[in-house]
Amino acid sequence: LVALAVFAGCEHPTEPADATATRRQSSNEVDALPKNLVDLDGNQVDPFANDAEVLVLVFVAVDCPISNRYAPVLTELRERYADQAVRFHAVYSDPTAKLESLRNHAAQFALQQGALWDPQHEVVAFAGATVTPEAAVIRLGAAPQLSYRGRIDDRFAEFGKTRPQAENHDLRDAIAEALDAPPGEKVLSPRITKAVGCYIPQ
């Protein structure tokens with residue numbers, strides 16, 4: 001019953017027909033950085049223009065119960081890396097959303113720090129995200145590179161199947177790997193895992 005309640009708010013777990021169009025086939029290097037991101041006050045933001053070494057984007061949605069259940073995990077990760085060169089951004093991608101609604105949701109789930117709105121799906125397309133929650137880890141520098149995309153951890157094994165505790169903490173490990181990488185080292189291909197959640201409408 002718990003599993004059914006968690007997944008009730010998600011769309012049917014069928015891969016969208018055009019999902020391959022949004023997933024970049026060789027997305028380890030960013031060719032064109034998104035330009036139309038705004039924060040939840042409506043101010044234009046460039047998350048790539050900062051002094052961090054690693055950028056973490058986590059795609060979330062107001063009405064996705066799986067995404068909402070991961071909010072405490074995201075808070076823990078943000079606190080874990082607060083003193084390191086890592087920047088976190090929760091990314092809302094619903095183009096029909098009202099900023100007030102997003103602000104209320106972000107405040108309720110402690111996601112307001114660095115939260116962004118991607119109404120034109122520029123970040124969705126560039127990162128290749130298809131569900132919420134899904135994470136992207138990017139090594140910043142002269143040529144930002146995607147080093148990881150996928151699940152936060154494996155607590156949700158598949159639709160209708162959850163573990164009491166996660167066995168693999170993929171996002172945490174991906175951040176640590178990105179921080180430990182030698183400066184300027186090229187990412188030959190990003191590490192990919194399958195995220196389980198609510199599909200982002202195309």
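We number each residue from 1, following the sequence as shown. Excluded from the calculations below are hydrogen atoms, water molecules and symmetry mates; all remaining heavy atoms, backbone and side chain alike, are included.
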| said: Holding to side chain to side chain contact (heavy atoms under 4.5 Å, CB included), I want the full list of residues that pass it with D180, two or more places apart in sequence or in another chain. | reply: none

| remark: In this structure, CZ of R103 is separated from CD of Q108 (nearest 0.5 Å) by 15.0 Å

| Can you list the residues that meet the side chain to side chain contact (heavy atoms under 4.5 Å, CB included) rule with Q113, with sequence neighbours excluded? | R78

| query | Quick one: side-chain hydrogen bond (donor to acceptor under 3.5 Å, both in side chains) partners of R155, sequence neighbours excluded? | reply | none

| request: Give the intermediate values and the outcome of ring pair (Phe, Tyr, Trp, His ring centres under 6.0 Å) for residues F48 and F126. | output: CA-CA 13 Å; F48 300 91; F126 123 80; 5.7 Å; yes

| Do any N or O atoms from the side chain of Q145 and from the backbone of E185 form a donor-acceptor pair under 3.5 angstrom? | yes

| Does the pair V62 and L102 meet the rule for a side chain to side chain contact (heavy atoms under 4.5 Å, CB included), with working shown? | CA-CA 7 Å; V62 170; L102 299 184; 3.7 Å; yes

| query | Got a donor-acceptor contact below 3.5 angstrom from the H89 side chain to the L116 backbone? | reply | no

| task | Look only at the side chain of D41 and the backbone of N43, and say whether a donor-acceptor pair between them is shorter than 3.5 Å. | result | no

| said: Donor-acceptor check, side chain of W117 to backbone of D94, threshold 3.5 angstrom: yes or no? | reply: yes

| said: With rounding to the nearest 0.5 angstrom, report the NE2 to OH distance, H105 to Y92. | reply: 4.5 Å

| query | Among all residues two or more places apart in sequence or in another chain, which pass the side chain to side chain contact (heavy atoms under 4.5 Å, CB included) test with N168? | reply | R151, D154, D170

| query | Does R149 reach the main-chain N or O of A127 with its side chain, forming a donor-acceptor pair under 3.5 Å? | reply | yes

| task | List the steps and the verdict of side chain to side chain donor-acceptor pair (under 3.5 Å) for T193 and Y148. | result | CA-CA 8 Å; T193 61; Y148 174 76; 2.6 Å; yes

| Quick check: are there more than 12 heavy atoms from other residues, nucleotides or ligands sitting under 6.0 Å from CG of D83? | no

| note | Output for pair (L171 CG, D153 CG), nearest 0.5 Å, gives 8.5 Å

| field | All salt bridge (charged side-chain N to carboxylate O under 4.0 Å, His left out) counterparts of R80, not counting sequence neighbours | value | E76

| said: Using only atom types and a distance under 3.5 Å, with no angle test, would you say the side chain of N104 pairs donor to acceptor with the backbone of E100? | reply: yes

| Are L57 and I138 close enough that some pair of their side-chain heavy atoms sits under 4.5 Å apart? | yes

| message | Please check this pair: side chain of S67 against backbone of T132, looking for a donor-acceptor N/O pair closer than 3.5 Å. | response | no

| Any donor-acceptor N/O pair, H121 side chain to S93 backbone, under 3.5 Å | yes

| query | When the ring centroid of F156 is compared with that of Y70, is the distance short of 6.0 Å? | reply | yes

| task | May I ask you to decide if V123's main-chain N or O and D118's side chain share a donor-acceptor pair within less than 3.5 Å? | result | yes

| field | Contacts of E177 that satisfy side chain to side chain contact (heavy atoms under 4.5 Å, CB included) - sequence neighbours left out | value | D173, R191

